[in-house]
2 protein chains.
Amino acid sequence: MVDRVAPGEQPDGRGAEARAEQPADPGTLRPGGRTARVRAAVLEAAGDLIVEAGLTGLDLAEVARRAGVGKTTVYRRWATTTGLVADLLAHMAEESVPRTETGSLDGDLLANAELVRATLSDPRQGALFKAVIAAAATDPRTADALHRFYRIRVAEWAPCVTTAVARGELPAGTDPAEVIRAVSAPLYYRLLTTPEPLTPDLAATAARATAAAARAGAYARTAPATETGGTGAPDGGAAD
Amino acid sequence: MVDRVAPGEQPDGRGAEARAEQPADPGTLRPGGRTARVRAAVLEAAGDLIVEAGLTGLDLAEVARRAGVGKTTVYRRWATTTGLVADLLAHMAEESVPRTETGSLDGDLLANAELVRATLSDPRQGALFKAVIAAAATDPRTADALHRFYRIRVAEWAPCVTTAVARGELPAGTDPAEVIRAVSAPLYYRLLTTPEPLTPDLAATAARATAAAARAGAYARTAPATETGGTGAPDGGAAD
DNA sequence: GCATTAATGGAACTGGAGACCCGTTATGGT
DNA sequence: ACCATAACGGGTCTCCAGTTCCATTAATGC
């Protein structure tokens, strides 16, 4: 149960300020009943508000009001909207769903793709992910939290690729993390760059395409089966 | 040359206010010398500021100061930071680079991947893209602009897939847009979810994997060559 | 149960983003 | 060249997000 957004934050070089005792961030010394209750209420209210009004509409005073909590408390413990979003992300990570095992690479990848699709399509979770990504693009702290989150998620699913390699379904040297990322990537890309909904068909395509590419050795760290063939490309200018 | 961010904005129901003439958005009736100069200066200053301070650090007063332009002008013409970002995106779209033609599918996809990689890796352009994506995740207006931008970019590159199908490199029925998106997706996903830089190697992998999957028929609208095999997947809970 | 003090909550305060007013500049039409 | 007015620019005002202060509540250790 993570309680602090990020402990290693205070500037450290506070020597001149006196104050022999450093108070250590609020919520750490007495995480008991009330503190935990406050965190739960605030995170829920924050989630609701993001879903309703987007990241822009997330102001801490309103969160406090909805959570039935003092405005001061919210500012003291989370300070900024991005700080709150980062904690929300940590909270989401805590209650993540374990991966399923189907026995075949195709089945596992499809299950993964479908799980991602369902999550991103869910009105609440989808909005939260968008908000988190937006916040991370802006704030380094939130970005750290986001990177940690995805590292864990990828590691959680990587074994299904390792097993597939062991079963001989995929060439040796295939990078498991890269395969897992390849399944999610198209779904996120669609979510962010097109107005269309994420269909189950899209998830299936992502899974199938990744499996096909992996079998062709495209994710092998050593020499791949397919030939590169192309020459370099110009740089500069805007791209998609 | 797009000048207004989005014309259809004012609430319309202003009837009670009198004022027989509706003034029509500033910048449209006299887009000549000064107005154009102001827009250029403001967009450049906005870009600089986003790169330096991120989307959060983008305040219109500071933009006005740097652009050597009146604060009032910026507020009148762009109103909000997201409005400014949306216009910046339109400006980026105006000066996009045309696609290159290498003669083979692999070459074309690699060129595309490398172009995207170079753009996202460029300190200025990369920061702008992150900011734009973040703004779009929050603001519907910016999201519209972003969707339009990617629709155009995908359409620009789609022909190289069509040609490949005609050449017999890819199965008939392959969805061109889907293939082009599949090349970019992993790069964007990495940019947003990991702290690591986008390497040329990663771009090459994205291009190779997409080509392999396309050849295997993964992006064919009709029945694919690969078997799906897996069962459904659970929903709910957090995913990557 | 009781003392200690971490953590919360209410209320008053403040600084700066954004709105407004109105005089000035220079564009587009003739 | 000259006029009408679109667009700009400086100064001022307002309002609310975020801060500070201190009294109150309740978690922890004995």
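Here the structure is a predicted model, which is why all the values come from computation and not from measurement. Each chain gets a letter, A, B and so on, in the order its sequence line appears, and its residues count up from 1.
Nearest-nucleotide positions on DNA chain D place Gly70(B) closer to the 5' end than the other of Gly70(B) and Gly33(A).
Of the candidates dG9(D), dT27(C), dC8(D), the closest approach to any side-chain atom of Arg37(B) belongs to dT27(C). Of the candidate nucleotides dA6(D), dA19(C), dA6(C), dA19(C) has the atom lying nearest to any side-chain atom of Lys71(B).
Under the 3.5 Å distance criterion, the side-chain polar atoms of Arg141(A) are left unmatched by any main-chain donor or acceptor of Gly83(A). Without hydrogens or angle criteria, Arg117(B) side chain to Leu198(B) main chain gives a donor-acceptor distance under 3.5 Å.
The separation between Glu62(A) atom CD and dC16(D) atom P is 13 Å, rounded to whole Å. The CZ-C1' distance, from Arg76(B) to dC8(D), rounds to 6 Å in whole Å. Atom CH2 in Trp78(A) sits about 15 Å away from atom P in dG18(D), given to the nearest Å. Between the C1' atom of dA6(D) and the CZ atom of Arg34(B) lies a distance of 8 Å, rounded to the nearest Å. Rounding to whole angstrom units, OH of residue Tyr75(B) and P of dA17(C) are separated by 7 Å. Atom CZ of Arg65(B) and atom C1' of dG9(D) are 16 Å apart (whole Å). The CG-P distance, from Leu60(A) to dC16(D), rounds to 16 Å in whole Å.
Side chain Thr72(B) to base dG10(D): a donor-acceptor pair is found below 3.5 Å.
A salt bridge is absent between Arg77(A) and Asp87(A): the closest approach of a Lys/Arg side-chain nitrogen to an acidic carboxylate oxygen does not fall below 4.0 angstrom.
Residue Thr73(B) has a polar side-chain atom (N or O) positioned under 4.0 Å from OP1 or OP2 of dG9(D). Under 4.0 angstrom from either OP1 or OP2 of dC8(D) there lies at least one side-chain N or O belonging to Arg77(B).
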Given salt bridge (Lys or Arg N to Asp or Glu O under 4.0 Å), test Glu156(B) with Arg151(B) step by step and report yes or no. CA-CA 9 Å; Glu156(B) 162 87 14; Arg151(B) 216 163 9 89; over 6 Å; no
